[in-house]
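Keep in mind that this is a model prediction, so the values were computed, not measured. Lettering of chains follows the sequences in order, A, B, ..., and the numbering in each one begins at 1.
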Number of protein chains: 2
Amino acid sequence: MGRDRKFSITELYEHTQALLLEVGYEAFTFSLLAERLNVARGTIYKYFENKDELITAFMIYEMNQFMQKLEQIEEKGDFERQFTYLMEIIFERSEIQELINITKQVNTTNEKTAANQSYFKNMSINMYTCLQNFVQLGKQEGKLNPSLPDTMILGFIFQSVAIPNHFQLPREQWVQSIIQMVSNGIRT
Amino acid sequence: MGRDRKFSITELYEHTQALLLEVGYEAFTFSLLAERLNVARGTIYKYFENKDELITAFMIYEMNQFMQKLEQIEEKGDFERQFTYLMEIIFERSEIQELINITKQVNTTNEKTAANQSYFKNMSINMYTCLQNFVQLGKQEGKLNPSLPDTMILGFIFQSVAIPNHFQLPREQWVQSIIQMVSNGIRT
DNA sequence: CTCCAAAGTGACACATGTGTCAATTATTAA
DNA sequence: TTAATAATTGACACATGTGTCACTTTGGAG
């Protein structure tokens, strides 16, 4: 029983993402979010105690979405296919890197937030494990430079999507340039 | 005449930088800065009307420091020397990239801020021009991949210093890995 | 139709940041 | 020593965000 909800948690997460990318962590407020959802600010407190708890919960949701895609990487076969697939999903969810940076600003203001942060950290480790298999496959197949530390290779790949496209290159050219540079660098 | 100042503008900029990197744009307040400088908050208003004006002024100061180093690049001779020099000064001032990102959040709240932003934009263009000569030299000498757009090469180089060193690799190994990856990518 | 539980509302008390300005303090020229 | 001047201070009025909670609305079970 009880009346219908005016918004779903998924809707709430979608507006949370949009707002976080628009205004950043500090400027993100329940007032703003409530306005987007067309509800009173007080309503959101029925679901989350404060913005830190909300943001950490959102990041877990977001990371889950990404992990679901990422886990399919092993089914792709050899390194070349896995690499292509990885770049595809990274570009598809290119906001992840920026959101992770925003997450670093979150304060641990209550128990649930602490639990969320701990859970999120665990997910990140899983992600890196999943990807370290990918890197090791690349090294085994002789496709990746064995002298580079695994974590640097992964950091490099993820960081690359943050390269600004100030000069308005067409998206396809932007993507292809990045893949080219990640693969073979800027030199001839 | 008049009493001595309790702080220099340079000191103010140094604390501004430290605070911006610590807490980010939104959380940066005159209260915090005044505390660091051991003065009353009101004092800062004698020098800057608000935080946007202060931050844009600081960024111009910071960019000037960087440009002074950067302009020496042409004296370094051939592409190889210029490339080594560029990577050196980028790592030396690796906070620049992050500060530029923070600057994007600045609001245009008064005329001086608008003027500062406009001036800063102009400096950025000068910087890119200076660096485009470098990229073209590299292409002429046959050292840089001619199929990559100049702006993407530059974006790639600058972005690379933001690669996190979560796993605590020694700085030297971190730097060398990045230079290696920027130059030749992650592949063998 | 009535009742109840879930969902939603908005006002209240509090906290923190903003910009201003009259008053205070420190320095030095005369 | 004193007057002029510039730097600094801190209180005031205002704005915006926070967390709470008594009260209202809604919709289905009985």
Side-chain angles (χ1 to χ4, degrees), chain A residues 1-16 18-58 102 105-116, chain B residues 1-16 18-58 102 105-116:
Chain A
M1 343 174 34
R3 68 196 273 189
D4 292 349
R5 288 193 179 180
K6 291 181 73 178
F7 60 89
S8 66
I9 293 295
T10 303
E11 276 177 274
L12 181 144
Y13 284 154
E14 280 164 6
H15 285 285
T16 297
L19 276 173
L20 278 177
L21 294 175
E22 271 175 52
V23 305
Y25 171 78
E26 285 291 340
F28 176 91
T29 61
F30 273 23
S31 311
L32 266 177
L33 182 57
E35 202 179 309
R36 294 287 172 99
L37 289 168
N38 293 310
V39 295
R41 186 172 56 85
T43 308
I44 304 178
Y45 284 91
K46 287 280 156 71
Y47 302 97
F48 300 95
E49 284 180 24
N50 59 37
K51 92 174 176 184
D52 295 309
E53 190 189 319
L54 185 152
I55 290 174
T56 50
F58 157 68
I102 289 173
Q105 296 179 60
V106 170
N107 305 300
T108 309
T109 43
N110 65 21
E111 281 181 28
K112 286 183 191 170
T113 304
N116 283 347
Chain B
M1 16 192 342
R3 66 197 275 190
D4 293 347
R5 289 192 178 180
K6 291 180 72 179
F7 60 89
S8 67
I9 294 295
T10 303
E11 278 177 273
L12 182 143
Y13 285 155
E14 280 165 5
H15 286 285
T16 298
L19 276 173
L20 279 176
L21 293 175
E22 272 175 50
V23 306
Y25 171 78
E26 286 291 340
F28 176 91
T29 62
F30 274 23
S31 310
L32 264 178
L33 182 57
E35 203 179 309
R36 293 288 171 100
L37 290 167
N38 292 310
V39 295
R41 186 171 56 85
T43 307
I44 304 177
Y45 284 91
K46 286 281 153 67
Y47 303 96
F48 301 94
E49 284 180 24
N50 59 38
K51 92 174 179 186
D52 294 309
E53 191 188 319
L54 185 152
I55 290 174
T56 50
F58 157 69
I102 288 172
Q105 297 180 58
V106 171
N107 305 300
T108 309
T109 43
N110 66 20
E111 280 180 28
K112 287 182 191 169
T113 304
N116 283 348

Taking only residues at least two apart or on different chains, which pairs with a member in residues 32-43 of chain A satisfy side chain to side chain donor-acceptor pair (under 3.5 Å)?
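Those involving residues 32-43 of chain A are A/Glu22-A/Arg36.
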I'd like to check the ring pair (Phe, Tyr, Trp, His ring centres under 6.0 Å) partners of B/Phe30; sequence neighbours left out, ordered by chain and number.
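Per chain and number, B/Phe30 pairs via ring pair (Phe, Tyr, Trp, His ring centres under 6.0 Å) with B/Tyr45.
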Listed partners of B/Phe7 passing ring pair (Phe, Tyr, Trp, His ring centres under 6.0 Å), at least two apart
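With neighbours one apart ignored, the set is B/Tyr47.
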In whole angstrom, what separates [X]'s [atom1] from [N]'s [atom2]?
{"X": "A/Lys6", "N": "D/dT24", "atom1": "NZ", "atom2": "P", "value": "18 Å"}
{"X": "A/Asp52", "N": "D/dT18", "atom1": "CG", "atom2": "P", "value": "10 Å"}
{"X": "A/Leu12", "N": "C/dA7", "atom1": "CG", "atom2": "P", "value": "14 Å"}
{"X": "A/Tyr45", "N": "C/dC12", "atom1": "OH", "atom2": "C1'", "value": "14 Å"}
{"X": "B/Phe7", "N": "D/dT9", "atom1": "CZ", "atom2": "P", "value": "9 Å"}
{"X": "A/Lys46", "N": "C/dA7", "atom1": "NZ", "atom2": "C1'", "value": "7 Å"}
{"X": "B/Ile44", "N": "C/dT20", "atom1": "CD1", "atom2": "P", "value": "14 Å"}
{"X": "B/Ile55", "N": "C/dT18", "atom1": "CD1", "atom2": "C1'", "value": "14 Å"}

A/Ala40 side-chain proximity, nearest of C/dA22, D/dG19, C/dG10:
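It is C/dG10.
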Residues in side-chain contact (heavy atoms from CB on, under 4.5 Å) with A/Ala27, at least two apart?
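A/Ala27 satisfies side-chain contact (heavy atoms from CB on, under 4.5 Å) with A/Val23, B/Glu26 only.
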My understanding is that only residues two or more places apart in sequence, or in another chain, count here; which of them pass side-chain contact (heavy atoms from CB on, under 4.5 Å) with B/Thr109?
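With sequence neighbours excluded, B/Thr109 shows a side-chain contact (heavy atoms from CB on, under 4.5 Å) to B/Asn50, B/Asp52, B/Asn107, B/Thr113, given in chain and number order.
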Identify, with sequence neighbours excluded, every residue that meets side chain to side chain donor-acceptor pair (under 3.5 Å) alongside A/Thr16.
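Partners of A/Thr16 by the side chain to side chain donor-acceptor pair (under 3.5 Å) criterion come out as none, since no residue qualifies.
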Can you pull out every salt bridge (Lys or Arg N to Asp or Glu O under 4.0 Å) where at least one residue sits in residues 2-14 of chain B? Sequence neighbours excluded, please.
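Sorted pair list comes back empty.
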Would you confirm whether B/Lys51, through its side chain, and B/Tyr25, through its main-chain N or O, come within 3.5 Å as a donor-acceptor pair?
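Present.
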Phosphate contact (C/dT9 OP1 or OP2) by A/Thr43 side-chain N/O below 4.0 Å:
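Indeed, a polar side-chain atom of A/Thr43 lies that close.
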Which residue lies toward the 5' end of DNA chain C, B/Gly42 or B/Asp4, if each is placed at its nearest nucleotide?
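Looking at DNA chain C, the more 5' nearest nucleotide goes with B/Gly42.
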Base C/dG8 to side chain A/Arg41, donor-acceptor N/O within 3.5 Å cut-off:
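Checked by distance alone, the answer is no.
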At a heavy-atom distance below 4.0 Å, what parts of residues 25-39 of chain A sit against DNA chain C?
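Here the set is A/Val39.
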Any chance you could lay out the side chain to side chain contact (heavy atoms under 4.5 Å, CB included) test for A/Leu20 and A/Phe58, step after step, and finish with the verdict?
CA-CA 11 Å; A/Leu20 278 177; A/Phe58 157 68; 3.9 Å; yes
Heavy-atom contacts, protein to nucleotides 1-6 of chain D, under 4.0 Å, summarised as B (base), S (sugar-phosphate only) or - (none) per nt, yield ---BBB
